[in-house]
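Model, not experiment: these values are computed from the prediction. The chains referred to below are lettered A, B, ... by the order of the sequence lines, with proteins before strands, and numbering in each begins at 1.
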Number of protein chains: 2
Amino acid sequence: MEPIKQRYSHQRETILQVVQSTLVHPNADSVYKETRKIIPNISLGTVYRNLNQLVESGRILKLKDEAMVRYDGNTGQHDHFRCSKCGKWYDVELIDQSIFKSFAEKHDFRIESFNLELAGTCKSCLDS
Amino acid sequence: MEPIKQRYSHQRETILQVVQSTLVHPNADSVYKETRKIIPNISLGTVYRNLNQLVESGRILKLKDEAMVRYDGNTGQHDHFRCSKCGKWYDVELIDQSIFKSFAEKHDFRIESFNLELAGTCKSCLDS
DNA sequence: AAACATAACAGTAACTATTACTATTTTCTT
DNA sequence: AAGAAAATAGTAATAGTTACTGTTATGTTT
């Protein structure tokens, strides 16, 4: 079976730009709202489909809120801290991914992804 | 304002028992199905309400699947590995929580919870 | 022990995030 | 320029969860 051909799409590139141009870790709906400022009649289904494709092709990352799925334009190695008071996500550097390698070898698992999420209260919420 | 009084409820205790008596990290719906074997006319809303209360009171833990929320009767320190092939969750000991303490102090955050989830393929799925 | 206040309930409707469907348009190759 | 199929807009459907409503169970106070 051949690899699926991916054609150029103005909508997909716009969505990618929207996700990459912010640090707020938007969810699908706010990507939709933001993209509609550029392509007013874009469909919500198109946004979901393209966000999933962008994740599959490794161009963006998927995070998880309480219930909602969120996206991150930064694909570099980092972890996440979420403030439960203001709801903001912080990118943090906490864990060296290499520790998972020895873990996988020890247990005979193959690790494909990992996700470390801390939650709590951030400095600015603690101060105010 | 007074602390909210929590009354005894047969349903809640049964739900707790169901969650504590398994290692499969059930989701709300399967807790519902299992509890109905004991209380046949229990309502799905009652299951959700009580699962949330049990989480709030620290008696069970909340995990996150791709979309579904899952629950864990084991509140001790451990992390999670999920096999993307068979869907099973494994409890693993990977990270010493004390590393978060120094992180919190350094950044002036207050950490209230953390969640480390690894995903990949487990040994038995790799073998078969 | 009877009366009271309200937490918890069962059953159902509503809501939110996401996916599926369909007819049309766009992209790319020949 | 024509043809194949990837992608689209718009809408309907689905899944997980919460909200609502009238009734029942629990615990407290007379």
Short side-chain N/O contact to D/dA9 OP1/OP2 from A/Q11, under 4.0 Å:
yes

Would you kindly give the CD-to-P distance between A/E56 and D/dA6, to the nearest whole Å?
14 Å

In whole angstrom, give the distance that lies between atom CG of B/L44 and atom C1' of D/dC20.
15 Å

Going by the rule side-chain hydrogen bond (donor to acceptor under 3.5 Å, both in side chains), which residues pair with B/Q53 if we only count those two or more places apart in sequence or in a different chain?
none

How long is the line joining CG of A/N27 and P of C/dT18, in whole Å?
7 Å

Would you say A/Y48 places a side-chain N or O within less than 4.0 Å of OP1 or OP2 belonging to C/dT18?
yes

Which atom names give the shortest non-hydrogen contact between B/V92 and B/F81, and what distance separates them?
CG1-CB, 4.1 Å

Contact nearer the 5' end of DNA chain C, comparing B/S43 with A/S43
B/S43

Side-chain atoms of residues 7-16 of chain A: list all donor-acceptor pairs with protein atoms under 3.5 Å, sequence neighbours left out, distances to 0.1 Å.
from  : atom 1 : to    : atom 2 : distance (Å)
A/S9  : OG     : A/Q11 : N      : 3.3
A/S9  : OG     : A/R12 : N      : 2.9
A/R12 : NE     : A/N50 : OD1    : 2.9
A/R12 : NH1    : A/R7  : O      : 2.9
A/T14 : OG1    : A/H10 : O      : 2.8

Please tell me which of the listed nucleotides, D/dA7, D/dG10, D/dT18, lies nearest to the side chain of B/N52?
D/dT18

So do B/F109 and A/T121 actually touch side chain to side chain, heavy atoms under 4.5 Å?
no

Can you measure B/I39 atom CD1 to D/dA25 atom C1' for me and round it to whole angstrom units?
13 Å

What's the CD-P distance between B/E13 and D/dA25, to the nearest Å?
18 Å

Over how many whole Å does the gap from A/Y32 atom OH to C/dT16 atom C1' extend?
15 Å

Within this structure, what is the CZ-to-P distance between B/R36 and C/dG11, rounded to whole angstrom?
10 Å

Just compare D/dT18, D/dA7, C/dA8 and give me whichever is closest to any side-chain atom of A/R49.
D/dA7

When all nucleic acid strands are considered with a 4.0 Å heavy-atom cut-off, which category describes A/N50: base, sugar-phosphate, or nothing?
sugar-phosphate

Before giving the answer on side-chain contact (heavy atoms from CB on, under 4.5 Å), spell out for B/V31 and B/V19 the whole-Å C-alpha distance, their side-chain angles and the decisive distance to 0.1 Å.
CA-CA 7 Å; B/V31 172; B/V19 176; 4.0 Å; yes

Can you give me the N/O atom pairs linking the protein to nucleotides 23-30 of chain C at distances under 3.5 Å, or say none if there are none?
from   : atom 1 : to   : atom 2 : distance (Å)
C/dT27 : O2     : A/R7 : NH1    : 2.7
C/dC28 : OP1    : A/Y8 : N      : 3.2

Check side-chain hydrogen bond (donor to acceptor under 3.5 Å, both in side chains) between B/T46 and all other residues, then give those that pass, not counting sequence neighbours.
B/R49

Residue pairs fulfilling salt bridge (charged side-chain N to carboxylate O under 4.0 Å, His left out) with at least one residue in residues 17-31 of chain A, sequence neighbours excluded
A/D29-A/K33

Check: B/P26 and B/T22 side chains under 4.5 Å, non-hydrogen atoms:
yes

Considering every strand and a 4.0 Å limit on heavy-atom distances, what is the contact class for A/I42: base, sugar-phosphate, or nothing?
sugar-phosphate

Axial bend angle, the helix from C/dA1-D/dT30 to C/dT30-D/dA1: five-pair end segments, nearest 10°:
30°

Specify the separation, in whole Å, of atom CG of A/L51 and atom P of D/dA7.
14 Å

What's the spacing between B/Q17 CD and B/I38 CD1 if we round to 0.5 Å?
6.5 Å

Might you point out which heavy atoms bring A/Y32 and A/V47 nearest each other, and give the distance in Å?
CD1-CG2, 3.8 Å

